[in-house]
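To find a chain, count down the sequence lines: A is the first, B the second, and so on, and within it residues start at 1. Computed from heavy atoms alone, side chains included, the values below leave out hydrogens, waters and symmetry copies.
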Amino acid sequence: MESLIDLDYNSDDLCIYLYLINSIIKEKDFKPYFYVNSTDKEQILEFLKDYEKKHKLDSEISKMIENIETVKKIVFDENYQEKELSKVTVKYPNNVKTVREILMEFERLYEYDIPFVRRYLIDNSVIPTSTWDFENNKKIDNKIPDFKTVSFDIEVYCNKEPNPKKDPIIMASFSSKDFNTVVSTKKFDHEKLEYVKDEKELIKRIIEILKEYDIIYTYNGDNFDFPYLKKRAESFGLELKLGKNDEKIKITKGGMNSKSYIPGRVHIDLYPIARRLLNLTKYRLENVTEALFDVKKVDVGHENIPKMWDNLDETLVEYSHQDAYYTQRIGEQFLPLEIMFSRVVNQSLYDINRMSSSQMVEYLLLKNSYKMGVIAPNRPSGKEYQKRIRSSYEGGYVKEPLKGIHEDIVSMDFLSLYPSIIMSHNLSPETIDCTCCSDEENGENEEILGHKFCKKSIGIIPKTLMDLINRRKKVKKVLREKAEKGEFDEEYQILDYEQRSIKVLANSHYGYLAFPMARWYSRDCAEITTHLGRQYIQKTIEEAENFGFKVIYADTDGFYSKWADDKEKLSKYELLEKTREFLKNINNTLPGEMELEFEGYFKRGIFVTKKKYALIDENEKITVKGLEVVRRDWSNVSKNTQKNVLNALLKEGSVENAKKVIQDTIKELKDGKVNNEDLLIHTQLTKRIEDYKTTAPHVEVAKKILKSGNRVNTGDVISYIITSGNKSISERAEILENAKNYDTNYYIENQILPPVIRLMEALGITKDELKDSKKQYTLHHFLK
DNA sequence: GATTATCGGGG
DNA sequence: GTGTACGATAATC
């Protein structure tokens with residue numbers, strides 16, 4: 001009776017370790033297996049023997065086989081009929097790869113690429129992160145176990161890109177309920193400081209501290225903190241034996257992103273979670289902190305770290321600890337939801353943390369197909385994948401917006417439009433144009449975009465969705481009952497997280513059908529889903545306009561509208577009353593699961609083009625969609641202008657003021673009043689200078705830096721200013737120190753106008769009009 | 001308009 | 001590790 005926190009195959013012990021909080025269970029009985037499309041056991045063995053002979057192997061392959069037995073399964077690509085095939089069980093997980101490569105030549109294989117531990121969780125009922133009775137193999141309760149959690153963050157002394165070969169780790173910050181400490185290799189006067197004499201001691205201390213905890217939160221620790229720590233540790237001859245059983249940390253490099261896995265503990269990297277669950281334009285720690293807690297975190301600014309360190313500035317300790325503190329808080333915020341995902345999908349917390357929602361859906365489907373005795377379709381081949389990636393189809397309906405500024409806007413949207421469609425029409429890769437329904441039956445079957453769907457049995461996608469929806473309904477019923485009784489206890493919170501995680505999973509099924517890597521991929525089902533979705537939203541817009549709304553803009557499953565009749569000016573209260581009335585009417589006509597609901601009221605909004613708009617609500621909260629171009633490579637002058645223009649439009653509702661912001665900035669630029677620092681454009685050198693085929697400003701600047709005797713490395717961010725002259729833009733790019741002037745015209749045309757021009761054009765203001773302050777400017781200039 | 005290149009998070 | 005797993009947007013053709 002203990003909580004299962006993590007699982008891993010231990011290659012020394014040759015079995016799966018089930019890590020509980022205080023102990024380890026060794027699972028020795030579960031063996032790796034896959035299926036062969038053949039019932040002839042002898043023939044399979046024969047084929048392997050032939051292979052051994054041909055390659056002069058001494059029965060090495062046959063030795064890997066533990067057992068071959070005939071099983072009955074429903075096979076997806078054989079008309080979904082039950083048929084017999086062979087289950088080949090091998091001795092060790094890495095045997096699968098060897099044996100399958102050989103047998104691929106023999107016959108079609110199935111389920112040959114499911115990682116061993118994940119296979120274990122698909123086939124067995126044990127649920128990660130829940131409290132489990134291993135004797136009787138059942139769940140004890142729903143509670144979230146009392147995990148010991150800590151956040152972890154390192155600081156590095158460096159002036160450019162951190163280089164683990166030379167730049168030392170100088171500090172490590174930790175934050176947990178009862179431990180808030182910054183371990184440092186320099187003595188600062190700060191209450192949270194713990195001094196160690198050098199970097200080697202620091203690394204030893206980090207290991208010692210992390211080993212106290214079950215869950216370790218980082219922010220981008222997969223890609224930065226752990227790989228960096230490991231490299232530094234190696235240079236001191238230290239190993240990161242962070243595992244529960246002193247196993248080494250496993251850092252896997254997968255193309256761009258790495259993963260840092262600690263056996264027996266859970267390393268939760270909050271960066272990928274924030275990207276998955278929040279909808280922000282930027283995902284720096286400070287952005288996430290602000291979005292979740294409405295707190296503006298003071299950022300150290302990595303370029304200041306060496307200075308502060310050298311000057312023994314103790315605010316460095318405070319700032320550094322702040323990062324750990326907020327990482328911990330973000331972790332506590334997201335952990336329950338991740339735990340619920342882990343339980344519903346039935347995969348480990350570590351894996352869930354790094355899965356996209358489509359991957360979660362796939363593992364849910366694998367679990368269900370296993371239960372249903374269905375063999376999963378294979379993942380696409382490289383060729384098939386390329387084909388899928390290239391095939392596109394019509395997406396959701398997006399209405400061309402009524403351009404300009406609008407006031408008193410209500411938005412309404414469909415509650416899970418696509419899941420409802422998939423369920424009510426039984427859309428699934430195996431139900432589409434099924435062969436099991438006879439022609440007569442199919443005669444009455446409705447045809448959608450030239451396809452018919454099975455009437456006899458429910459497809460795996462709608463079935464999985466229905467299970468989720470029913471489970472969510474049950475949970476929501478309990479929640480309602482508890483709410484009525486005022487029982488907002490721990491159980492209530494857990495159930496609430498459960499229904500939220502189910503909602504996310506349900507809403508991911510449509511995306512899964514169109515996910516090119518999906519086993520149950522179906523372009524046709526995805527296309528039909530959006531097709532039907534377009535019908536519903538268009539019909540609803542029609543109804544809304546008949547009722548008296550004017551629909552300003554619509555996208556896929558929702559729309560923004562105002563009251564149409566300008567003579568009949570409604571108060572906010574009246575508008576919301578009308579909205580309620582309309583929703584009640586429309587929801588009576590919609591089928592089963594489908595429901596249109598009120599989403600929000602906005603006092604003002606500006607609509608530019610499809611997918612590009614901004615709104616402000618009653619609390620002055622601004623929502624911007626598709627308009628933001630604020631990336632780190634843009635200059636400050638550009639970012640600020642955009643921000644000020646949006647404020648003028650939304651907060652003041654003044655086109656004139658917005659116009660003035662732009663014209664003033666242009667004036668300042670022409671007048672040479674803009675600070676050179678605000679003109680810096682930042683671009684990263686992503687490859688070696690000699691590898692660039694095209695000329696780009698930052699590459700040219702890098703060459704100049706090199707010529708002046710300084711070093712430039714791949715990964716460095718080059719900051720430059722475009723100076724005036726007649727040569728090409730690239731040749732005129734200079735670093736701050738060498739920039740004697742700047743190209744006014746370049747900044748107006750390429751930095752000031754692009755982010756705001758579409759905004760202003762939607763309001764009927766032309767580019768020329770914005771730039772035409774030139775005459776006024778010269779006049780002013782000379783008058784002054 | 002379609003294809004290709006770049007960036008993100010961390011310091 | 002029984003894993004070939006990004007996705008949005010700007011620049012360029």
Side-chain angles (χ1 to χ4, degrees), chain A residues 8-9 11 31-34 88 90 92-101 109-120 153-164 167-171 218-229 250 252 254-259 261 269-272 274-276 280-288 299-306 309 319-320 323 327 351 354-356 358-359 362 379-382 385 389-390 392 515-518 611 626 628-629 631-634 682-687 692-694 696 698 715 717 750 754:
Chain A
D8 189 28
Y9 179 71
S11 46
K31 295 284 177 196
Y33 67 88
F34 60 93
V88 177
V90 294
Y92 309 112
N94 58 0
N95 295 155
V96 173
K97 205 175 165 190
T98 317
V99 180
R100 79 161 181 236
E101 309 257 286
L109 311 180
Y110 298 103
E111 302 195 2
Y112 50 78
D113 56 357
I114 301 168
F116 190 41
V117 170
R118 295 194 183 182
R119 174 88 262 178
Y120 176 79
D153 174 45
I154 61 170
E155 309 298 332
V156 171
Y157 187 96
C158 74
N159 286 305
K160 291 181 177 173
E161 276 287 292
N163 177 358
D167 302 326
I169 300 170
I170 51 177
M171 283 179 171
T218 65
Y219 199 82
N220 205 25
D222 266 347
N223 277 300
F224 183 73
D225 299 71
F226 280 118
Y228 202 94
L229 178 64
K250 295 182 194 175
T252 50
M256 282 220 359
N257 292 330
S258 35
K259 296 175 183 183
Y261 171 68
D269 188 341
L270 297 160
Y271 170 58
R275 297 206 64 146
R276 200 172 59 231
L280 308 176
T281 44
K282 292 204 134 229
Y283 294 87
R284 307 179 72 121
L285 181 55
E286 49 178 309
N287 308 117
V288 176
D299 192 31
V300 209
H302 62 267
E303 64 279 1
N304 300 320
I305 292 174
W309 178 258
Y319 288 163
S320 166
D323 286 357
T327 302
D351 278 345
R354 285 150 186 86
M355 278 185 194
S356 69
S358 280
Q359 287 165 35
E362 179 138 301
R379 288 148 47 106
S381 63
Y385 177 73
I389 247 178
R390 276 193 292 271
S392 63
F515 174 48
M517 204 43 91
K611 310 269 185 195
E628 269 179 345
V629 213
R631 294 164 46 147
R632 76 153 179 224
D633 43 343
W634 287 75
H682 319 276
T683 316
Q684 191 180 29
L685 214 54
T686 52
K687 42 191 177 188
Y692 278 91
K693 280 171 239 153
T694 49
H698 69 292
V717 174
N750 295 55

Between [atom2] on [N] and [atom1] on [X], what's the gap in Å once rounded to a whole number?
X	N	atom1	atom2	value
R354(A)	dC6(C)	CZ	C1'	16 Å
E286(A)	dG11(B)	CD	P	11 Å
R276(A)	dG7(C)	CZ	P	13 Å
K259(A)	dG1(C)	NZ	C1'	11 Å
Y9(A)	dG3(C)	OH	C1'	17 Å
Y219(A)	dG11(B)	OH	P	10 Å
F34(A)	dG1(C)	CZ	P	18 Å
N257(A)	dG7(C)	CG	C1'	11 Å

Under 4.0 Å, counting only non-hydrogen atoms across every strand here, what does [X] touch: a base, just sugar-phosphate, or nothing?
X	value
V96(A)	base
D113(A)	base
G382(A)	base
Y112(A)	base
D323(A)	sugar-phosphate
I114(A)	base
D167(A)	nothing

Closest approach to the side chain of [X], judged atom by atom: which nucleotide of [options] is it?
X	options	result
N220(A)	dT2(C), dA5(C), dG9(B)	dG9(B)
Y271(A)	dT4(C), dG8(B), dG10(B)	dG8(B)
D153(A)	dG10(B), dA5(C), dG9(B)	dG10(B)
V156(A)	dG9(B), dG3(C), dG11(B)	dG11(B)
C158(A)	dT2(C), dG9(B), dG11(B)	dG11(B)
K282(A)	dG11(B), dT2(C), dG9(B)	dG9(B)
R379(A)	dG10(B), dG11(B), dG3(C)	dG3(C)
P115(A)	dG3(C), dG8(B), dA5(C)	dG3(C)

Could I get the full list of side-chain hydrogen bond (donor to acceptor under 3.5 Å, both in side chains) partners for D113(A), not counting sequence neighbours?
R379(A), R519(A)
In chain order, what residues pass the side-chain hydrogen bond (donor to acceptor under 3.5 Å, both in side chains) check against D8(A), with sequence neighbours excluded?
K250(A)
Donor-acceptor contact below 3.5 Å, side chain N223(A) vs main chain N257(A):
no
Would you say that [X] contacts [Y] through its side chain, given a criterion of any heavy-atom pair below 4.5 Å between the two side chains?
X	Y	answer
R276(A)	S356(A)	no
R119(A)	E111(A)	yes
D167(A)	Y228(A)	yes
Y219(A)	V288(A)	yes

Tell me whether the OP1 or OP2 atom of dC7(B) has a side-chain N or O from R275(A) closer than 4.0 Å.
no
Ignoring hydrogens and angles, does a donor from either the side chain of E161(A) or the base of dG11(B) sit under 3.5 Å from an acceptor on the other?
yes
For nucleotides dC6(C) and dG9(B), find the distance between their C1' atoms and express it as a whole number of Å.
14 Å
P atom, dT9(C) versus dA5(C): distance in rounded Å?
24 Å
